[in-house]
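Working notes, structure below.
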Amino acid sequence: MHIKYAGVMITGILCLLFTGNVTLQAQTWNGSGGNGNWSVDANWDGAVAPVSSNVTDLVFDGSTQLSVNNDISDPFLLNNITFPATAGNFILSGDALELYGDIINQASGVQTIVNDIELAADSTWTIDAGEVVFSGNMISNTSLFTLDGPGTLTLTGNNALYLKDEGIKGDATLCIQDGTTTHYGSGSQDLFTTSGGQTFVITNGAKFVSMVDPLVKYENSAIVSGSGSVWDGNGTATLFMRTDGNLLVTDGAIVTNFAELHYGGGSYRINMAVTDGGKLYADSASFYQGRSDNTLTIGGTNAAGEKAIVTIASGPFSFGSTYTCSNNKLLVDADGELNLYDDLVLGYGWGGIGTNNAMIITNGGQVVSDASTYDTRIGSNSSSSNYVHVTGVHPVTGLPSMWDVGGTVWLCYQNSNKGNKITASNGGVITNVEILVGETRTNGDGTPYAARVEILNGGIVYGKLNLGYAGSENTALISGGGATLDSQDNTLVVGYQVNADNNILTVDGEGVSGGAVITNADYIYVGYINNKVNKYVYGNSMIITNGGHVYADNDLYIGYVSNATATNETANNNSVAVSGNGSLLDMNNQPVRVGHIDNDISYGTNNGLIAADYGVITNVGSILTGYTRVGGVASNNYICAAGGSIYATDMTLYSSNILKVVLGPQSPEEFGCINISNDATFESDTTLLPVAEDGAQVGTYTILVADGTLDAAGLTLDSSVDQARWNLSTDDNTIKLTYSTPGSVIIIQ
């Protein structure tokens with residue numbers, strides 16, 4: 001006889017009372033009762049149905065009557081549930097369970113639990129094999145839940161869990177599928193154990209809420225997949241990614257509302273991917289990354305057309321920074337978008353060295369920084385060979401890969417940095433940027449150097465370029481068809497401020513029609529020092545060659561010292577050279593100033609403007625060579641015709657400066673010259689310095705024509721030249737140079 005009273009089943013007439021550590025013998029299901037009800041005695045070994053008690057252990061074994069129903073008590077109190085290795089695929093349903101112990105699955109199949117469960121004590125669910133699908137609702141109150149593996153637990157209901165600190169272990173997989181699970185947590189950083197190998201999955205539209213900080217590391221993997229699937233940080237939790245941790249957000253799934261995404265922080269080999277329409281939003285977050293060999297990949301759309309997007313709402317985004325960090329890669333691929341609202345740091349050797357860290361934007365990927373006040377640092381504090389590469393267009397839409405910077409990029413920043421690089425190529429675009437290459441805050445000590453900017457084969461940069469901002473041996477190359485630096489009415493500088501030497505900007509058209517171009521440049525400075533003490537800019541150059549074009553909107557200064565505060569500020573050996581057929585510098589009727597000292601205590605020497613080998617410098621307003629205030633020294637600065645042509649309105653060559661002529665294989669008829677539409681003036685002590693290269697032809701070369709007044713009285717042949725081989729002659733508007741060789745002189749006896 002069975003009597004059900006007040007939620008307790010009394011079997012027979014005996015009511016057994018259990019207290020303390022007393023444990024009932026486990027009762028094993030055999031399914032012989034003709035239906036799946038728990039209350040049928042014949043369904044159990046010993047023909048006695050279990051009683052509701054916190055020490056009741058149930059074992060579901062065999063393959064008979066696998067759909068079982070709790071009809072004894074609501075809730076039914078029990079200690080443990082075990083599925084032995086010989087168990088079939090059971091489905092447990094019926095009234096709720098109040099669990100005081102654990103659930104163990106040793107069978108290789110799938111066990112399904114439909115009952116609601118309340119954890120009345122700490123509970124470990126051990127899935128030694130197969131899978132347990134729990135489709136009821138689980139409430140753990142403050143009892144701690146642990147999953148042990150290596151099998152899989154799938155939750156499909158609405159659950160409120162307190163996962164134990166490091167609550168998933170033993171290579172187990174926890175899969176949240178459908179419904180909502182709130183993870184209240186028990187420690188400051190939980191979810192996975194330190195042993196590694198666990199997997200956490202949110203899929204099929206499920207929602208998981210982290211109320212404390214989840215930790216993903218040591219070969220743990222977290223996967224959020226499918227439209228509607230959400231991992232929510234509740235606005236307060238920090239998602240920690242550490243050594244060998246993996247996070248995949250894909251197919252329209254969302255990770256959102258984390259207070260901070262802490263990526264790395266001194267760890268290695270982290271792999272995060274937001275792909276195929278996945279979304280990651282850190283609403284009020286900082287993104288950190290340190291150590292080596294970590295990756296973040298963003299890209300791809302899903303079947304619904306959703307793009308992969310990562311948004312860091314506030315705080316710096318640091319990649320390859322802190323400690324000794326190298327070989328970290330950020331890849332933003334097709335239909336990928338990274339939105340930043342604070343500084344971006346790539347390669348920062350705080351406490352170590354940051355090397356070979358990369359941000360690659362390709363196939364139409366997009367990186368957008370929101371405000372102009374945010375900076376980007378690529379290579380800082382002994383960090384080398386870090387780079388950004390923006391390349392290609394979307395293979396379907398043709399949308400260019402783009403880095404919308406929104407602020408200043410410091411390339412090779414502060415002390416002893418070298419070899420850091422920015423490249424835009426193959427239609428890739430960098431926009432809204434000010435690039436400062438080689439910058440030091442130490443007034444010349446530990447100067448950064450050997451940084452490189454490349455704009456190649458259709459790559460475009462919109463913004464300001466300052467090459468050699470108190471740094472040395474930095475280069476910029478604009479090369480190939482369509483490669484463009486659009487300065488957007490900003491100043492273009494090569495060699496600036498503090499001990500900036502041997503910086504080189506090259507515009508190489510590669511012989512391509514519509515080849516490499518610099519356009520919309522406001523002022524152009526090649527070798528510029530302003531308001532510094534005992535510093536120099538030396539050996540900086542802009543080279544326009546092989547069909548490259550540069551269009552300026554304001555003055556060009558080559559070797560310029562301004563606002564000096566003491567002696568020994570120098571701008572020496574800086575040059576602009578336009579060389580090769582089709583190469584062009586168009587000055588838009590603005591002045592060119594070669595060796596310009598805007599004070600009375602500084603020096604500017606050996607600075608030059610060169611038109612060579614059919615290159616053309618045109619639409620120049622005034623050419624002023626060797627200008628200085630009283631007391632300053634601007635000497636040996638030069639204008640050079642070397643088979644190219646210069647077209648200017650007027651020209652002044654000041655005392656102690658030079659007109660150079662370099663004769664090459666061109667015949668006198670082909671030789672380009674300096675064409676002055678108004679007046680040309682040569683002050684006293686100006687010299688003509690001719691040079692004959694191999695293949696130079698004898699004859700008379702026209703080297704300058706002035707349509708207005710030509711005042712060449714102060715121009716003489718340089719004392720170093722062989723007067724027997726060179727002859728200088730002038731008339732009202734023309735300067736000519738005759739070149740002969742001893743073998744061409746006929747002696748009549």
Side-chain angles (χ1 to χ4, degrees), residues 81 83 89-92 102-117 119 123-140 145-164 166-185 190-193 195-211 214-233 239 245-256 272-273 275-276 278:
I81 296 177
F83 301 94
N89 295 338
F90 278 86
I91 300 175
L92 277 60
D102 305 324
I103 293 179
I104 301 165
N105 180 45
Q106 299 169 334
S108 60
V110 177
Q111 314 301 336
T112 302
I113 302 174
V114 183
N115 315 73
D116 291 342
I117 293 180
L119 301 184
S123 181
T124 297
W125 293 26
T126 302
I127 319 297
D128 288 328
E131 180 181 4
V132 172
V133 176
F134 176 69
S135 60
N137 302 314
M138 188 190 311
I139 298 175
S140 66
F145 176 81
T146 302
L147 174 64
D148 203 349
T152 299
L153 171 63
T154 298
L155 305 179
T156 66
N158 298 317
N159 308 287
L161 295 180
Y162 278 82
L163 256 71
K164 189 176 182 181
E166 300 182 345
I168 306 175
K169 58 185 181 179
D171 293 337
T173 296
L174 175 61
C175 179
I176 313 297
Q177 180 177 308
D178 303 314
T180 298
T181 295
T182 301
H183 163 216
Y184 290 95
D190 47 13
L191 195 59
F192 294 121
T193 69
S195 61
Q198 295 79 42
T199 303
F200 173 55
V201 180
I202 305 169
T203 189
N204 200 34
K207 183 177 181 180
F208 185 82
V209 182
S210 286
M211 306 293 285
L215 175 63
V216 183
K217 66 175 181 178
Y218 294 129
E219 298 183 0
N220 305 137
S221 294
I223 301 169
V224 190
S225 177
S227 293
S229 302
V230 178
W231 188 359
D232 190 332
L239 174 56
N246 300 281
L247 172 63
L248 173 63
V249 186
T250 189
D251 194 20
I254 299 174
V255 174
T256 188
M272 180 186 295
T275 66
D276 297 336

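This chain uses plain numbering: 1 for the first residue, then up along the sequence. Everything numeric in this text was worked out from a predicted model, so none of it was measured.
- Tested against Phe145, the residues Leu163, Thr124, Asn159 include a single side-chain contact (heavy atoms from CB on, under 4.5 Å) partner, Leu163.
- Ring planes of Tyr162 and Tyr184: parallel class, angle under 30° (limits at 30 and 60°).
- Tested against Ser135 for a side-chain contact (heavy atoms from CB on, under 4.5 Å), the candidates Thr156, Asp178, Ile91 yield a single pass: Thr156.
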Q. For Leu155 and Leu174, what are the C-alpha separation, side-chain angles and deciding distance, and is it a side chain to side chain contact (heavy atoms under 4.5 Å, CB included)?
A. CA-CA 8 Å; Leu155 305 179; Leu174 175 61; 4.0 Å; yes
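- Under the 3.5 Å distance criterion, the side-chain polar atoms of Gln111 are matched with a main-chain donor or acceptor of Phe90.
- Closest non-hydrogen pair, Thr154 versus Glu131, comes out as OG1-OE2, 2.5 Å.
- Contact record, Asn115 with Phe134: O-CE1, 3.0 Å, taken as the closest heavy-atom pair.
- Between Asp128 and the options Ile104, Asp148, Asn105, a side-chain contact (heavy atoms from CB on, under 4.5 Å) holds for only Ile104.
- Atoms CG and NZ, from Asn246 and Lys217 in turn, are 14.5 Å apart once rounded to the nearest 0.5 Å.
- Between Ile103 and Ile117 the shortest heavy-atom distance is CD1-CD1, 4.2 Å.
- The minimum heavy-atom distance between Leu161 and Thr181, with the atom names listed, is CD1-CG2, 4.1 Å.
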Q: Report the C-alpha distance between Ile113 and Val132 in whole Å, list the side-chain angles of each, state the deciding distance to 0.1 Å, and finish with yes or no for side chain to side chain contact (heavy atoms under 4.5 Å, CB included).
A: CA-CA 7 Å; Ile113 302 174; Val132 172; 4.1 Å; yes
(Q) Determine whether Trp231 and Thr256 satisfy the following criterion, side-chain hydrogen bond (donor to acceptor under 3.5 Å, both in side chains), listing intermediate values before the conclusion. (A) CA-CA 6 Å; Trp231 188 359; Thr256 188; over 6 Å; no
(Q) Checking Ile202 against Val255 for the side chain to side chain contact (heavy atoms under 4.5 Å, CB included) test, could you report, in this order, the C-alpha distance in whole Å, the side-chain angles of both residues, the deciding distance, and whether it holds? (A) CA-CA 10 Å; Ile202 305 169; Val255 174; over 6 Å; no
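- Residues Gly205 and Ser229 share a closest heavy-atom pair of N-OG, 2.9 Å.
- Ser225 and Thr250 share no donor-acceptor pair across their side chains, judged by distance under 3.5 Å alone.
- Thr126 OG1 to Leu147 CG: the interatomic distance, rounded to the nearest 0.5 Å, is 8.0 Å.
- In this structure, CG on Leu153 lies 9.0 Å from CD1 on Ile168, to the nearest 0.5 angstrom.
- Here the closest non-hydrogen pair linking Val110 and Asn89 is N-OD1, 3.0 Å.
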(Q) Apply side chain to side chain contact (heavy atoms under 4.5 Å, CB included) to residues Leu119 and Met138 and explain how you reach the verdict. (A) CA-CA 7 Å; Leu119 301 184; Met138 188 190 311; 4.0 Å; yes
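- If you run side-chain contact (heavy atoms from CB on, under 4.5 Å) between Thr180 and each of Asn158, Asp232, Asn137, only Asn158 comes through.
- Rounded to the nearest 0.5 Å, atoms OG1 (Thr203) and CD (Gln177) are 6.0 Å apart.
- Judged purely by atom type and a 3.5 angstrom limit, Thr173 has no side-chain atom pairing as donor or acceptor with the backbone of Gln198.
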